[in-house]
Amino acid sequence: MDKKQIVEEDLKYVLYTIFDNYENLLKKIYIVIDSDENSEQISEEVLKKINQNTPPFIKKVLSFNDDGQNSMTKLKKDNKNLKIVTKYELDDEDNIVIDIFNKDFDKLKYEYSYETKFVVDYILSLDDIRRSRFFKELSKNKKDDEETDENDKKDSNDKGYLNINDLYNICVSKTLCKDGDDISKISNWIYNTINPNVLHTDLFEEMLKAINEQLDNSKFDSYLEHILNKKENKSLEYISPSNDLYQLLLFEDMLRVDYKDKCNVKIDLDVDYIGEWWSKNILPEFKKKYGEKDLANQLELEVKKNEIIDLHGKNFEKFKNKIICEIEKDYSQTEVLNEDTEKQEKIYVENIIKNLNAKTVAELEETIEKIDIKYENNKQILKNYCSDKFIDILENKEQDYNLKELEQFLNDNEEYLNNKASVYFEVCIQKQLQKLEENLLNDICDVKNLKDLEELHNKILENGEFVKCEDIECIIFRKMESIIKICNLAEINNEDNIRISNSIYDNTSSIELDKYPIAEVLICRDIKINLNDVETSLEDLSANIEEVQDVVLNNCIFNCEYYNMNIQINDSEDYHVVKFRYLNDLADYIKLKEGNKFLLNLKSMNKDVQHKKRVFNKGNSEIIKEIDEFYLEKQTAKS
């Protein structure tokens, strides 16, 4: 095959690249061709293909020139966002590069989004007349969108064009109810069902209706045979969540469970060929990877792997039972070879267990680490011993166990513990939490300040995420509020107290802070002011002022005039400490800087107010300086 043919065959990957990147062209797209006598001809072919199969609004993005003039009809070989080069001219590796002669396109196709490939393939399937009509329709869709009320516009159109998801929805709507390739149609149904947020709601409902009308046993069986014959599915990972087979079974499962009220399609899978497929394609992979010594164990694990997959469809039951039957047929032939060795191992395990007497979880873990067991049946003997011993150890009331450590033990030794151990651990959690809560109610009486409260909280947190529950955290926060109520102003403004309160709050999960307004006063004192959105920022500032005043007055705590607030201007890394009494002055200063929109009548200010302003200006010079610099830059930019 010569290079001219390669270009024609693989130009769609150029289109994939363009459609996958046109929404965010921070980098230039380089299309690389070989340097030979055909390079100019190849360049023309590439540009012609792009021109023919790219909607006008994308061509506008690709060929928008710095002089402000748009080329809507022709793309140039070299423009702002796209360039065709030889491999010798490529000098910027940070950009988007597609070498159409030196790429492995079988691997490359997985780099593009499903939506991109669907849109491009749909466009390439159109003849010249239908493609032209389709592009005009896209332009009309865009025009209609531009005429929509500003408040109703979608984010996807804020840049002035349809995004790839818009295009995908339009293309799906064109193909949804049309006659066509069943394989492609079912593949699209599966993708949209597993990813239900991709399609617009009305279109998704229409797709479910089409599935209900068109999907039947024959099409489902044909699609299953199609994916079983795909090379990438003939591997030991044939049932992994990323593979086509799993997604097909998940698709049917979702139709039965999630969309049964909208789609009552009933598939009755003919599975006779599945056992033969497994024996022919998967079993040889097992034998290749595992020798006779390990094969029986691995086949038994494969049975368990199929049994625990959480899909409810009756067809999946038929599917996995057929495979399990095939596995067990082969396993029974292999099992005879290992029978004597398994019996010897069983005697070895039973003798070890007779001499064991683990008294702590740590000793039980040491026992597990020392014993190496090969056969599953013998592992079950050890599992039963470890589970019963684990429960015995926990029932010893003289031992005090950390919940976090127990959970770690269960996770690390899951294969040696049965459900009985897990259930007992859940009971243990509830008992331990009750005990912690009782101890907390006693211990918290001795807490006099926030430092003591932090130490007590950290001690509880040693038990891990289990203690992040509402009952325990409510006790902590009620105590925090009772301490804050008797704090003086210096303690309220003390940075260590602020840090402690924030630390306690950061290590909780069930507390809604607005239900604890006194704690909120100590924790939430940061205010962000965005001078690019002054009106909203001043409204937020006013709300903060009122909230603090209400909490302080209603609870008869400190005088808030000298309460410190941390003010951040725009996205500056610096926070300025401003006394609460000056927050209104800060708002007035910003209003003055804004000019006519917020202009105050300065002449009507009395002397007391003017004096107060001078005190504010003198004591808050750093934040005033930052505000002044912002408005100076703003004024300079305008002029």
Side-chain angles (χ1 to χ4, degrees), residues 12-13 15-23 52-58 109-127 129-145 148 153-157 159 161-216 219-220 222-223 226-227 244 247-248 250-255 258-259 261-265 267:
K12 67 178 177 181
Y13 289 95
L15 295 172
Y16 285 163
T17 304
I18 290 170
F19 277 73
D20 220 36
N21 292 283
Y22 75 88
E23 293 181 63
Q52 285 176 340
N53 297 286
T54 308
F57 71 87
I58 296 183
K109 64 185 177 183
Y110 295 108
E111 296 181 10
Y112 302 108
S113 72
Y114 178 89
E115 291 79 7
T116 290
K117 291 185 286 185
F118 190 92
V119 170
V120 171
D121 291 349
Y122 173 74
I123 292 172
L124 291 175
S125 71
L126 302 175
D127 58 32
I129 294 175
R130 288 193 299 153
R131 186 170 56 245
S132 176
R133 287 175 181 169
F134 178 63
F135 288 166
K136 284 180 182 178
E137 185 179 339
L138 293 184
S139 298
K140 184 177 183 301
N141 281 353
K142 185 64 201 79
K143 184 179 179 182
D144 291 343
D145 179 74
T148 304
K153 279 191 178 182
K154 297 180 180 178
D155 292 341
S156 60
N157 288 313
K159 295 182 179 179
Y161 48 70
L162 299 168
N163 66 21
I164 193 65
N165 200 57
D166 296 328
L167 290 175
Y168 175 72
N169 272 268
I170 293 169
C171 293
V172 170
S173 69
K174 297 286 185 186
T175 59
L176 192 59
C177 298
K178 298 277 181 73
D179 293 334
D181 176 11
D182 287 338
I183 299 298
S184 300
K185 190 178 290 187
I186 296 177
S187 176
N188 189 242
W189 289 344
I190 292 170
Y191 179 79
N192 293 324
T193 303
I194 295 175
N195 303 278
N197 295 324
V198 173
L199 290 187
H200 299 154
T201 304
D202 291 346
L203 188 55
F204 186 76
E205 298 282 346
E206 190 178 343
M207 183 195 74
L208 290 177
K209 183 179 177 183
I211 293 172
N212 201 42
E213 293 172 350
Q214 298 177 35
L215 187 60
D216 56 29
K219 289 178 182 175
F220 195 89
S222 295
Y223 188 79
H226 162 72
I227 61 176
D244 294 337
Q247 293 186 7
L248 173 63
L250 177 60
F251 163 67
E252 194 219 352
D253 188 45
M254 291 179 72
L255 291 182
D258 296 349
Y259 302 112
D261 56 333
K262 297 175 182 176
C263 189
N264 59 8
V265 61
I267 303 299

Just jot down the salt bridge (charged side-chain N to carboxylate O under 4.0 Å, His left out) partners of [X], sequence neighbours excluded, or say none.
{"X": "Lys209", "result": "none"}
{"X": "Asp202", "result": "none"}
{"X": "Arg133", "result": "none"}

Quick one: side chain to side chain donor-acceptor pair (under 3.5 Å) partners of [X], sequence neighbours excluded?
{"X": "Glu205", "result": "Lys262"}
{"X": "Ser125", "result": "none"}
{"X": "Tyr22", "result": "none"}

Short side-chain to backbone donor-acceptor contact, Asn195 and Val198, under 3.5 Å:
no
Name all residues meeting the side chain to side chain contact (heavy atoms under 4.5 Å, CB included) criterion together with [X]; count only those two or more places apart in sequence or in a different chain, and write none if there are none.
{"X": "Asp261", "answer": "none"}
{"X": "Asn212", "answer": "Cys263, Asn264, Val265"}
{"X": "Asp20", "answer": "Tyr112, Ser113, Thr116"}
{"X": "Asp182", "answer": "Lys219"}

Kindly compute the distance separating [atom1] ([X]) from [atom2] ([Y]), expressed to the nearest 0.5 Å.
{"X": "Ile58", "Y": "Leu167", "atom1": "CD1", "atom2": "CG", "answer": "5.5 Å"}
{"X": "Glu23", "Y": "Leu162", "atom1": "CD", "atom2": "CG", "answer": "9.5 Å"}
{"X": "Phe118", "Y": "Asn188", "atom1": "CZ", "atom2": "CG", "answer": "4.0 Å"}
{"X": "Leu248", "Y": "His226", "atom1": "CG", "atom2": "NE2", "answer": "10.5 Å"}
{"X": "Leu176", "Y": "Cys171", "atom1": "CG", "atom2": "SG", "answer": "12.5 Å"}
{"X": "Trp189", "Y": "Ser184", "atom1": "CH2", "atom2": "OG", "answer": "11.5 Å"}

Measuring only between side-chain heavy atoms, which start at C-beta, is [X] closer than 4.5 Å to [Y]?
{"X": "His200", "Y": "Asp166", "value": "yes"}
{"X": "Leu208", "Y": "Leu255", "value": "yes"}
{"X": "Lys174", "Y": "Phe134", "value": "yes"}
{"X": "Ile267", "Y": "Asp216", "value": "no"}
{"X": "Pro55", "Y": "Ser139", "value": "no"}

Run the salt-bridge test on Arg130 and Glu137 with the 4.0 Å N-O cut-off and return the result as yes or no.
no
Can you name the closest pair of heavy atoms from [X] and [Y] and give their distance?
{"X": "Met207", "Y": "Leu199", "answer": "SD-CD1, 4.0 Å"}
{"X": "Pro196", "Y": "Tyr259", "answer": "CB-OH, 3.7 Å"}
{"X": "Asn165", "Y": "Glu115", "answer": "OD1-CG, 4.3 Å"}
{"X": "Leu203", "Y": "Asn169", "answer": "CD2-O, 3.2 Å"}

Checking side chain to side chain contact (heavy atoms under 4.5 Å, CB included) against Lys12, which of Asn53, Ile123, Leu124, Thr17 comes through?
Leu124
Asp121 and Tyr16 side chains, donor-acceptor separation under 3.5 Å:
yes
Going by ring pair (Phe, Tyr, Trp, His ring centres under 6.0 Å), name the residues that satisfy it together with Phe135, two or more places apart in sequence or in a different chain.
none
Under the ring pair (Phe, Tyr, Trp, His ring centres under 6.0 Å) rule, collect the residues that match up with Tyr191, sequence neighbours excluded.
Tyr114
Centroid-centroid under 6.0 Å between Tyr168 and Phe19 rings
no
For Phe251 and Ile211: C-alpha separation, side-chain torsions, deciding distance, then whether side-chain contact (heavy atoms from CB on, under 4.5 Å) applies.
CA-CA 11 Å; Phe251 163 67; Ile211 293 172; 4.0 Å; yes
